[in-house]
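See below for the structure under consideration.
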Amino acid sequence: MTAPRLLIVGPQGSGKGTQGVRIAEALGIPVVSTGDVFRANVKDGTELGLKVKAIIDAGDLVPDELTSAIVRDRLEQDDAAGGFLLDGYPRNLGQVGDLDAFLASRGEALTGVIELSVPRDESIQRLALRATEQGRADDTEEAIAKRLSIYESETAPILDVYRERGVVDEIDGVGSLDAITERITAALAARGISA
Ligand code: AMP
């Protein structure tokens, strides 16, 4: 069996958060979502939250050094020893380098990268719906456009790196929640990653 050290990647509105939780639950591993960590800190008004609030609200990226340090701390906790699912990190090539260095220092590497593909129109529609349902501060039209453009220019290129390593499964992210979860589960099982 291959240890599930996973990453889920997809544009905003692709459903990666929801699918990440489902997959991690099934495998019994923690989800490490940098977006969730930042939002919780903003909500609680911590020092970190105060530092990143304006950046997040504008749809910009938090500096790599800060983000990578948070992820390293989280991955060092005991519950991540048997595997983890990263959601939203790494998000650019600099962060890929940071994560590689950290994992290599432990003799590890990512064992699977799930690329959730959703057409641009569909993800914009889903984001508009989420904006009315959840009222996220960064779901304004301007911040959404910024995040989608950062995804295309900075995040999509990380997939080329992982693709060269042969760890990427591209999953069609259009369909029912259950159907998409099943597609991901099947792709991971083919890599020897299963509950
Ligand atoms: P998400 O929930 O993944 O869409 O993240 C929400 C926001 O948190 C992003 O728009 C960024 O401002 C910030 N953020 C989340 N993950 C990262 C990351 N890996 N690097 C930099 N900023 C991040």
Side-chain angles (χ1 to χ4, degrees), residues 5-24 30-76 80 84-103 110 113-118 120 122-162 171 173 184:
R5 284 189 283 272
L6 308 176
L7 161 65
I8 188 160
V9 186
Q12 290 73 27
S14 63
K16 71 182 166 64
T18 307
Q19 292 297 335
V21 168
R22 287 177 156 222
I23 297 299
V31 175
V32 176
S33 159
T34 42
D36 282 353
V37 171
F38 290 138
R39 273 186 294 277
N41 277 275
V42 170
K43 190 163 163 257
D44 294 345
T46 66
E47 200 179 320
L48 171 67
L50 293 174
K51 219 185 266 182
V52 300
K53 182 176 184 333
I55 301 175
I56 291 174
D57 286 354
D60 282 318
L61 290 187
V62 174
D64 290 352
E65 219 179 72
L66 187 57
T67 310
S68 292
I70 287 167
V71 173
R72 277 195 298 270
D73 280 354
R74 179 64 189 87
L75 294 183
E76 273 167 354
F84 51 80
L85 183 142
L86 291 165
D87 167 5
Y89 177 95
R91 220 171 176 106
N92 59 25
L93 292 171
Q95 293 179 7
V96 170
D98 291 345
L99 179 65
D100 277 349
F102 172 74
L103 291 178
L110 290 185
V113 175
I114 302 153
E115 176 187 4
L116 211 49
S117 293
V118 173
R120 204 175 210 274
E122 169 103 11
S123 50
I124 288 174
Q125 252 177 30
R126 292 185 193 176
L127 284 172
L129 187 70
R130 185 172 79 184
T132 46
E133 282 174 358
Q134 298 179 10
R136 259 175 63 162
D138 61 348
D139 277 343
T140 62
E141 209 172 306
E142 210 181 347
I144 288 171
K146 171 81 76 61
R147 277 148 62 216
L148 282 173
S149 103
I150 292 179
Y151 180 81
E152 280 155 16
S153 63
E154 295 199 41
T155 307
I158 77 170
L159 287 165
D160 294 335
V161 174
Y162 289 123
I171 305 292
I184 299 172

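Position 1 is the first residue of the sequence; numbering continues from there. Bear in mind the structure is a predicted one, so any value in this text is a computation, not a measurement. All ligand and atom numbering here is 1-based and tracks the order in the structure.
The shortest heavy-atom contact between G88 and T34 is O-OG1, 3.2 Å. Here the shortest heavy-atom pairing between S68 and Y89 reads OG-OH, 2.8 Å.
Note: D87 CG to K16 NZ = 4.0 Å, rounded to the nearest 0.5 Å.
Not one N or O on the side chain of Q134 forms a donor-acceptor pair closer than 3.5 Å with the backbone of R130. R147 places no side-chain N or O within donor-acceptor distance of the main-chain N or O of A58, the cut-off being under 3.5 Å. Side-chain N or O atoms of R5 include none that pairs as donor or acceptor with a backbone N or O of L110 at under 3.5 Å. With N92 contributing its side chain and G94 its backbone, the two residues share a donor-acceptor pair below 3.5 Å.
Atom 6 (C) of ligand 1 has its closest protein heavy atom at R39 NH1, 3.5 Å. Protein heavy atom at the shortest distance from atom 20 (N) of ligand 1 is Q95 NE2, 2.9 Å. Nearest protein neighbour of atom 9 (C) of ligand 1, counting heavy atoms only, is R91 NH2, 3.7 Å. Protein heavy atom in closest approach to atom 16 (N) of ligand 1: T34 OG1, 2.7 Å. Looking only at heavy atoms of the protein, atom 7 (C) of ligand 1 is closest to I56 CG2, 4.0 Å. The single protein non-hydrogen atom nearest to atom 13 (C) of ligand 1 is F38 CD1, 3.8 Å, given as residue, atom name and distance. What sits closest to atom 22 (N) of ligand 1 on the protein, heavy atoms only, is V62 N, 3.0 Å. Protein heavy atom nearest atom 12 (O) of ligand 1, with residue, atom name and distance: D60 O, 2.5 Å.
Each of the following atoms of ligand 1 lies closer than 4.0 Å to a heavy atom of Y89: 19 (N). The R147 neighbourhood of ligand 1 comprises atoms 10 (O), with distances under 4.0 Å to a heavy atom of that residue. Taking every heavy atom of K16 and a limit of under 4.0 angstrom, the matching atoms of ligand 1 come to 3 (O).
For the pair G88 and ligand 1, the shortest N or O to N or O distance falls below 3.5 Å.
Counting heavy atoms closer than 4.0 Å to ligand 1, residue T67 contributes side-chain atoms (C-beta onward) but none from N, CA, C or O.
Within a 6.0 Å radius of CD in E152, other residues, nucleotides and ligands contribute more than 12 heavy atoms.
Between V37 and V71, the closest side-chain pair of non-hydrogen atoms is not below 4.5 Å.
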